[in-house]
Protein chains: 2
Amino acid sequence: MSNAGIKRERIVRSAKALFHERGYTVTSLADIAQEAKVPLGNVYYYFKTKEDLVATVVEGRNEYVRARHRALEKAPTPLARLEDFLQRIHDAADSRAAHGCPVGGLAQEAGKLGGRIAQEAGSTFQIMLEWVGEQYRALGFKPGQARERAVDLVAAVQGSILLGHSSGDAELIRRAMQRLQARLRLLVKEGKRHA
Amino acid sequence: MSNAGIKRERIVRSAKALFHERGYTVTSLADIAQEAKVPLGNVYYYFKTKEDLVATVVEGRNEYVRARHRALEKAPTPLARLEDFLQRIHDAADSRAAHGCPVGGLAQEAGKLGGRIAQEAGSTFQIMLEWVGEQYRALGFKPGQARERAVDLVAAVQGSILLGHSSGDAELIRRAMQRLQARLRLLVKEGKRHA
DNA sequence: GTCTATATATTGATAGAC
DNA sequence: GTCTATCAATATATAGAC
């Protein structure tokens, strides 16, 4: 157990990175083992199947997303929190243009693979939608309206990343995030009357 | 040459459907040949590589998208055209929730595969962005503003489909398209002042 | 716990008879 | 033009020595 966790962690970290950069289907367990500097056979000691590995990656990502949300809650107002949420995407635009969104990319791929992976990959979106919806409720929107706003905001982020990734244009992503931030400020300023 | 075109067409049609339903990487040429009721070896008579095949699929899709745009231009006003554009997604929500967007799904996958496929898959988005931008220009927006609006609209559509696909929720997509339509009507009604 | 060797299946692609 | 047979590479996964 001394450095056992270390190896397992290296495998998960490599899997997470390669699934993001190359995609789940395209990445082989041999690729992951090589990147983690671990023999291929060893991967199977920690994870019975490739699905088990991606499930662990998703769980880790969900934990990370929750932690990030807690960090965002340090901002004083719901508006500031949502602005910071978008700012994170803005600051990661280069990576997003190069490799897409790690959450969206896996969700897209998993949606087609179906079964258990699809369910798990989608869970990250649910966590995000819940948190963003909370912020809109804190802004005074009723639950149904807040959920709609959350869907629209997350969809705008995901769609912008997809367009930016598809064209390799990080600036497209940055500008889209700035417009979303401006729209949020307008929304609060005008007393929640407009889109 | 009598039924040669027929076979080629069957292969392309099957490839198009399977790439959409299962994804490009996951779909094997054997799957396509079986679906098209053609022996595997015959596929290679018409297409030297899998990349050649997907390139043909994308070209066909681009032609279809252009034809659809021409059809949309029968609507009397730019607003009606964009509303119809969104209505098409609305009406195809069940398929989109089940299999995602054929354009977005391939663009996402191709973005990571890189090279020639990425370029070609992204070309469909460029065609769409160009047409949507035209409509905004017809509504009185300057070129730069119109392009931004087009990016935001296409991104909203793509993100909504991704969220709907990820959760298998067609109603999410339908409602999102309705909100986008309503926002467009508001935009025109209020004299292009708001988001 | 760790690693080598390998089983088994499937892939994209080719050779060559018809 | 069409199709069968097959190659060579690669995938996930397992067996079993250490």
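Convention: sequence-line order gives letters A, B, ...; per-chain numbering from 1. Since we're looking at a predicted model, the values are computed, not measured. These values consider heavy atoms only, across backbone and side chains, with no hydrogens, waters or symmetry-generated copies.
The CD1 atom of B/Ile6 sits 16 Å away from the C1' atom of D/dT2 (whole-angstrom rounding). Atom OH in A/Tyr45 sits roughly 17 Å away from atom P in D/dA15 (whole-Å rounding). Across the protein-nucleic acid pair, B/Tyr46 atom OH and D/dG1 atom C1' stand 7 Å apart, rounded to whole Å. The distance between atom CG of A/Leu53 and atom P of D/dA11, rounded to the nearest whole Å, is 15 Å. One can place CG of B/Leu18 at 16 Å from C1' of C/dG12, the figure rounded to the nearest angstrom.
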Can you give me every donor-acceptor pair (side chain of residues 67-80 of chain B, partner residue at least two apart or in another chain, under 3.5 Å) with its distance?
residue	atom	partner	partner atom	Å
B/Glu73	OE2	B/Trp131	NE1	2.8
B/Thr77	OG1	B/Ala80	N	3.0

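Judged by a 6.0 Å distance limit and a 45° cone about the ring axis, A/Lys16 is positioned over the six-membered ring of A/Tyr64.
Annotation for B/Arg13: atom CZ does not count as buried by contact number, only 12 or fewer foreign heavy atoms lying within 6.0 Å. Surrounding CD of A/Gln178 are more than 12 heavy atoms belonging to other residues, nucleotides or ligands, all under 6.0 Å away. Counting non-hydrogen atoms of neighbouring residues, nucleotides and ligands closer than 6.0 angstrom, the NZ atom of B/Lys50 exceeds 12 such neighbours.
Under the rule for a ring-ring contact (aromatic ring centres under 6.0 Å, His included), the partners of B/His20 that lie at least two apart in sequence or sit in another chain are B/His99.
Between A/Tyr44 and C/dT2, a side-chain N or O to OP1/OP2 separation shorter than 4.0 Å is absent.
Across C/dA13, D/dG1, D/dT12, the shortest atom-to-atom separation from the side chain of B/Lys50 is found for C/dA13.
Contacts of residues 27-42 of chain B with DNA chain C (heavy atom under 4.0 Å): B/Thr27, B/Ser28, B/Leu29, B/Leu40.
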